[in-house]
Amino acid sequence: MRRGRSRPVAAGPQLRYPPAAFPPMRLSRYFLPLLKETPATAEIVSHQLMLRAGLVRQVAAGIYAWLPLGLKVLQRITDIVRREQERAGAVEMLMPTIQPAELWRESGRYDAYGPEMLRLTDRRGRELLYGPTNEEMVTAIVRDGIRSYRELPLTLFHVQWKFRDEIRPRFGVMRGREFLMKDAYSFDLDEAGARASYEAQFLAYLRTFAAMGLRALPVRAPTGPIGGELSHEFHILADTGESELFYDAAIDEVDLADPDAPQRLRGLYAMEAEEHARAARCPVPAERLARRRGIEVGHIFFFGTKYSAALGLALPGPDGRTITPLCGSYGIGLSRLVGAIIEASHDSAGIVWPDAVAPFDVGLVNLRPDDPVCTALADEVERRLTAAGRSVLHDDRDLRAGEKFASMDLIGLPWMVTVGPKGVAAGVVELKRRATGERHELSVESLLARIGA
RNA sequence: CGGGGAGUGGCGCAGUCCGGUAGCGCAUCUGCUUUGGGAGCAGAGGGUCGCAGGUUCGAAUCCUGUCUCCCCGACCA
């Protein structure tokens with residue numbers, strides 16, 4: 001191809017992009033290594049199920065490969081987070097995993113961070129690190145890219161892998177060394193603006209977790225000298241959660257659709273057990289004090305000029321005086337969320353994915369792939385569900401019914417559609433809801449009416 | 001990093017104390033019979049026992065070193 005001269009792309013059917021929104025996936029061609037037995041190294045249920053359901057494979061302590069099915073979940077979670085971040089006015093970018101040590105010397109954190117930071121040296125002897133977070137970098141980028149106070153406020157976010165060399169990684173992806181995180185950073189001219197940016201993220205978090213079908217509790221987190229009351233952790237409630245939470249049961253009554261829900265939630269008591277014990281007195285009457293376990297999946301906080309001052313981010317304000325922007329950062333542990341969701345939603349047979357984050361909407365089981373009539377019907381169901389916008393994982397393998405059902409239960413897709421010899425003559429298939437176990441025999445038309453939109 | 005435990009076919013384990021040339025279940029492959037909730041029978045393949053030294057006629061087994069993984073604790077999204 002010659003350079004410097006554009007030529008029109010030849011139009012032709014072979015260049016047209018296929019229109020299917022969700023190409024169906026055949027299990028016979030997929031990579032889904034399921035384990036019948038529980039690996040001895042996995043202690044908690046989410047880790048066990050993630051290994052058994054073929055979501056991840058451990059590569060080293062706290063480091064995981066994401067297999068196709070696990071990646072789907074991670075992507076669905078990321079999509080929801082991205083949508084809600086953009087809705088809250090944050091702008092996406094992407095910063096690298098590797099950062100120069102010099103940047104961290106500017107903030108003084110290079111020495112402060114300790115062995116948890118993975119340090120590297122390149123061939124020229126330059127000191128690098130695998131980023132555990134990005135405050136320094138984003139602050140430097142904004143410093144170098146902003147010329148006027150008029151360009152603020154600004155909230156940037158990215159989704160990127162991070163590395164913290166935990167002393168003891170555990171609980172599978174819940175406490176890995178390498179983890180995927182959404183982190184957002186806000187830059188404001190004054191405290192009122194910073195507070196508004198914080199509020200916007202607080203609301204975005206409520207919406208994000210609700211959109212995933214999760215119950216998330218905002219918990220007041222201890223702050224440093226600058227943070228004031230502007231720091232919250234978001235916990236997914238799960239009986240197996242790592243932290244114990246005490247909160248005002250009135251929180252359970254708050255309607256998230258209500259515009260003043262964030263305000264109400266912020267006013268209601270919720271603390272981690274350790275903080276709760278430390279508090280002078282609990283403002284919640286005993287009969288309203290709820291106690292549950294949770295998994296921290298998000299953390300937002302305001303830290304003022306800590307990094308902007310250290311890195312020399314300053315702008316001339318409208319009156320000519322220098323403004324050092326006020327900043328906050330807002331994290332969601334995306335890979336950890338996968339584990340947290342499973343902790344919150346599983347049963348003895350396997351995972352029970354909430355609809356919004358399931359790797360596929362429907363598991364389609366053809367009980368007789370060698371029977372042309374069953375196969376024709378299964379193919380039709382696949383085609384029509386796909387056309388209706390549902391993602392379908394089609395089990396076309398020649399295996400026994402029990403094994404196929406058990407596999408579907410294990411991977412936890414919200415719906416299972418079974419096409420088999422019993423129903424095929426009458427033109428009916430069986431629909432099963434994973435969460436409840438409820439089953440119905442339906443015609444293909446009724447099936448589409450039920451789950452086809 | 002302190003304390004504890006474990007490395008033996010893909011997975012789960014036995015064998016280690018009392019050295020004698022590796023075994024069980026599941027999975028895999030072949031055949032037949034089965035076929036709507038992890039089938040039955042018959043046969044087959046697959047392991048330098050984490051690694052490196054040492055002791056011994058002989059080491060999965062004893063000794064020394066080393067690496068890795070897991071659990072409890074402090075730490076953390």
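Per chain, numbering begins at 1; letters A, B, ... match sequence-line order.
- The closest side-chain donor-acceptor pair between A:Y185 and A:D183 falls under 3.5 angstrom.
- Atom name C1', nucleotides B:rC57 and B:rG65: the rounded distance is 26 Å, in whole Å.
- No salt bridge links A:D239 with A:R293; every basic N to acidic carboxylate O contact stays at or beyond 4.0 Å.
- Going from the C1' atom of B:rA59 to that of B:rC76 covers 44 Å, rounded to whole Å.
- At a cut-off of 3.5 angstrom, counting only N and O atoms as typed in the model, there is a donor on one side and an acceptor on the other between the side-chain of A:R175 and the base of B:rC76.
- Summarising the geometry, the separation between CZ on A:R336 and P on B:rA77 is reported as 8 Å, rounded to the nearest angstrom.
- Here the nucleotide nearest the side chain of A:K432, chosen from B:rG37, B:rG38, B:rC71, is B:rG37.
- B:rC32 and B:rC26 have their C1' atoms separated by 22 Å, with the value rounded to a whole Å.
- Of the charged side-chain nitrogens involved, at least one lies within less than 4.0 Å of a carboxylate oxygen, so that A:R26 and A:D379 count as a salt-bridged pair.
- Centre separation under 5.5 Å together with a plane angle under 30° does not hold for the ring of A:F405 and the six-membered base ring of B:rG38, so they are not marked as stacked.
- Of the listed nucleotides (B:rG12, B:rC69, B:rG37), B:rC69 has the atom at the smallest distance from the side chain of A:Q58.
- Counting only heavy atoms from C-beta on, A:R368 has its side chain closest to B:rU35 among B:rC76, B:rC72, B:rU35.
- Checked against B:rA77, B:rG36, B:rC11, the side chain of A:P421 finds its nearest nucleotide in B:rG36.
- Distance from the side chain of A:A401 is smallest for B:rG37 among the nucleotides B:rG37, B:rC1, B:rG38.
- Nearest-nucleotide positions on RNA chain B for A:A349 and A:G333 put A:A349 closer to the 5' end.
- For B:rC76, the OP1/OP2 oxygens have no side-chain nitrogen or oxygen of A:R170 closer than 4.0 Å.
- Inspection of the A:Y330 and A:H299 side chains reveals no N or O donor paired with an N or O acceptor under 3.5 Å.
- Nearest nucleotide to the side chain of A:I167, out of B:rG37, B:rA77, B:rG73: B:rG73.
- In terms of polar N and O atoms assigned as donor or acceptor, the side chain of A:E403 never comes within less than 3.5 Å of the base of B:rG37 in a complementary pairing.
- Rounded to whole Å, the C1' atom of B:rA27 lies 33 Å from the corresponding atom of B:rU66.
- The number of heavy atoms from other shown groups lying within 6.0 Å of NZ (A:K72) does not exceed 12.
- Of the P atoms belonging to B:rC71 and B:rC29, the separation is 33 Å, rounded to the nearest Å.
- With B:rG37, B:rC26, B:rC75 as the candidates, the nucleotide lying closest to the side chain of A:K36 is B:rC26.
- B:rC57: Watson-Crick or G-U partner is B:rG20, with both key distances under 3.5 Å.
- Residue A:E37 places its side chain closer to B:rC26 than to any other of B:rG38, B:rC26, B:rA77.
- Of the candidates B:rG36, B:rG37, B:rG73, B:rG37 carries the atom nearest the A:R439 side chain, counting heavy atoms from C-beta on.
- Closest to the side chain of A:M416, from the set B:rG38, B:rG73, B:rG37, is B:rG37.
- For the C1' atoms, the distance from B:rG40 to B:rU35 is 12 Å, rounded to whole Å.
- A:K162 and A:E178 are not joined by a salt bridge, as no carboxylate oxygen comes within less than 4.0 angstrom of a charged side-chain nitrogen.
- Remark: the A:R400 side chain and the B:rU34 base include a donor-acceptor N/O pair separated by less than 3.5 Å.
- The gap from the P atom of B:rU28 to that of B:rC11 amounts to 15 Å, rounded to the nearest Å.
- For the pair A:L180 and A:I44, nearest-nucleotide mapping onto RNA chain B gives the more 5' position to A:I44.
- A salt bridge does not link A:E199 with A:R195: every distance from a Lys NZ or Arg NE/NH1/NH2 to an Asp or Glu carboxylate oxygen is 4.0 Å or more.
- Across the strands present, B:rG37 finds no partner; the criterion is a Watson-Crick or G-U wobble pair with both atom distances under 3.5 angstrom.
- B:rC67 and B:rG25 are spaced 30 Å apart, taking the C1' atom of each and rounding to whole Å.
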